[in-house]
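As the structure is a prediction and not an experimental result, all values here were calculated from the model. Every heavy atom of this structure was used, including side-chain atoms; hydrogens, water molecules and symmetry mates were not. Counting starts at 1 for both ligands and their atoms, following the listed order.
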Amino acid sequence: MTRSTPAEPGLSKPKTFEDLFSKGLLAVVREDYGRVGSFLAHSVDSRFDLVPQVVRHLIDAGGKRIRPVVHCLAARVCGYDGDGHIVLASVSEMIHSATLFHDDVVDNGKVRRGRPTANDVWGNQIPVLVGDFVFARAFTIMMDNGYFQISRHLGRTVEDLVQGELLQLTHAGNPMLGREVYDEIIRCKTASLFSWCGRAAAMISDLPEERVEALAQVGHHFGMAFQITDDVLDYAGASVDTGKGSCSDLAEGKVTLPLIVAAEQDPSIAADLQVLLAAEDEEDPALAESIAGRVVAGNAVSESIRIAEQHVEAALGGLDAFPPSTEREALAELCRFSLSRIH
Ligand code: FPP
Ligand code: MG
């Protein structure tokens, strides 16, 4: 069996998602990507103009649409040659968008994709309802297209998304929650939808059960690596960006892997975090900076990256079970990309 090979040495590592397209690695799905964009633009019509207006506010802000890309590539890896992947890829982005509308209300988020959040512009009520609408429309589209079994899995995925958010909320501010609980949070809130993207690709391709599970696992590990990388970048900074993390997770009391690893080694971090969060309205930038400094100074970042790398390896290993193809290599490249953002 041929192991998917890493990017050619000497090629500059792509630092942004746009680079991946411009360097041609994802060119195999460029046409699909355009079709998903057109599908999305027509899938949220409503008797209320406000619905497409609020949706456009989010999607025109330039989301990467990485879930549709994963789904389309995965469908191609399975040898799929129909049109159903455009529908399912669009549904994955609709569900993701619905969760972001809700998430920004839950987190009281002010900025998303460099723009004021929908809740900042319209208040909480409108984006909650628009999120509900988009969520319902995604299921209507699935049913209209006869994807009943894939819908069942999507229903379970949305249950996970909600439970991940609940688990995160109930553990807010507790860096002693442990790696297992953290794993479960990110499995639910992020990896589950990527896993569905892989599963749905294998299902529309009528692959046997073990292949369906294998591709669901590829999506799962991709999602785990993707979220851990995001959590590391929040502390360690994006090389593509300012070179400095925003530490917004810490400010929100959101406990992520770098903080958990650092707190395992330095128990004073937990106590300081309690003080920081207890202050609520009174910000204490010096204490926040001190906690973030201790997270970055130790080996928490490298340990977190090591775990993300293990997930990428697992995803690549799962892909090896599929026949070699340009699409398989592109999906492997996308898996490695999630790490290249922090190297
Ligand atoms: C972002 O996490 C949040 C999610 C990926 C999932 C949130 C899910 C819900 C709010 C449930 C929605 C339910 C329905 C029915 C649509 P984050 O806050 O860590 O990421 P961020 O930094 O991008 O805000
Ligand atoms: Mg959030």
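- Counting protein heavy atoms only, atom 14 (C) of ligand 1 is closest to H102 ND1, 3.8 Å.
- Not one N/O/S atom of E252, from backbone or side chain, sits under 2.8 Å from the Mg ion (ligand 2).
- Residue-ligand proximity, V162 to ligand 1, at heavy-atom distances under 4.0 Å covers atoms 11 (C), 13 (C).
- Side chain to side chain, S46 and R137 fail the donor-acceptor criterion of an N or O pair below 3.5 Å.
- Considering both main-chain and side-chain atoms, D103 comes within under 3.5 Å of ligand 1 through a nitrogen or oxygen pair.
- No side-chain donor-acceptor contact under 3.5 Å links Y235 and D249.
- The nearest non-hydrogen atom to atom 18 (O) of ligand 1, considering only D231, D104, D107, comes from D107.
- Among the atoms of D107, an N, O or S atom falls under 2.8 Å from the Mg ion (ligand 2).
- Hydrophobic cluster membership differs between M203 and L331, with clusters built from Ile, Leu, Val, Met, Phe, Trp and Tyr side chains linked at under 4.5 angstrom.
- A salt bridge is defined here as a Lys NZ or Arg NE, NH1 or NH2 lying under 4.0 Å from an Asp or Glu carboxylate O, and K110 with D104 fails to meet this definition.
- Taking a cut-off of under 4.0 Å to the non-hydrogen atoms of K254, the atoms of ligand 1 that pass are 17 (P), 18 (O), 19 (O).
- Take the N/O/S atoms of D103: the one nearest the Mg ion (ligand 2) is OD2.
- When hydrogens are left out, the protein atom nearest atom 5 (C) of ligand 1 is K189 O, 3.1 Å; that is the closest non-hydrogen contact.
- Considering backbone and side-chain N/O of Q168, none are found under 3.5 Å from N/O of ligand 1.
- A donor-acceptor pair shorter than 3.5 Å cannot be found between the side chains of E252 and N108.
- Inspection of the T256 and D234 side chains reveals no N or O donor paired with an N or O acceptor under 3.5 Å.
- For the residue pair Q149/R152, the side-chain donor-acceptor check at 3.5 Å is satisfied.
- Residues R294 and S290 have side chains that bring a donor and an acceptor to within less than 3.5 angstrom of each other.
- Between R112 and ligand 1, at least one N/O pair is under 3.5 Å apart.
- Nearest non-hydrogen protein atom to atom 7 (C) of ligand 1 is E165 OE1, 3.3 Å.
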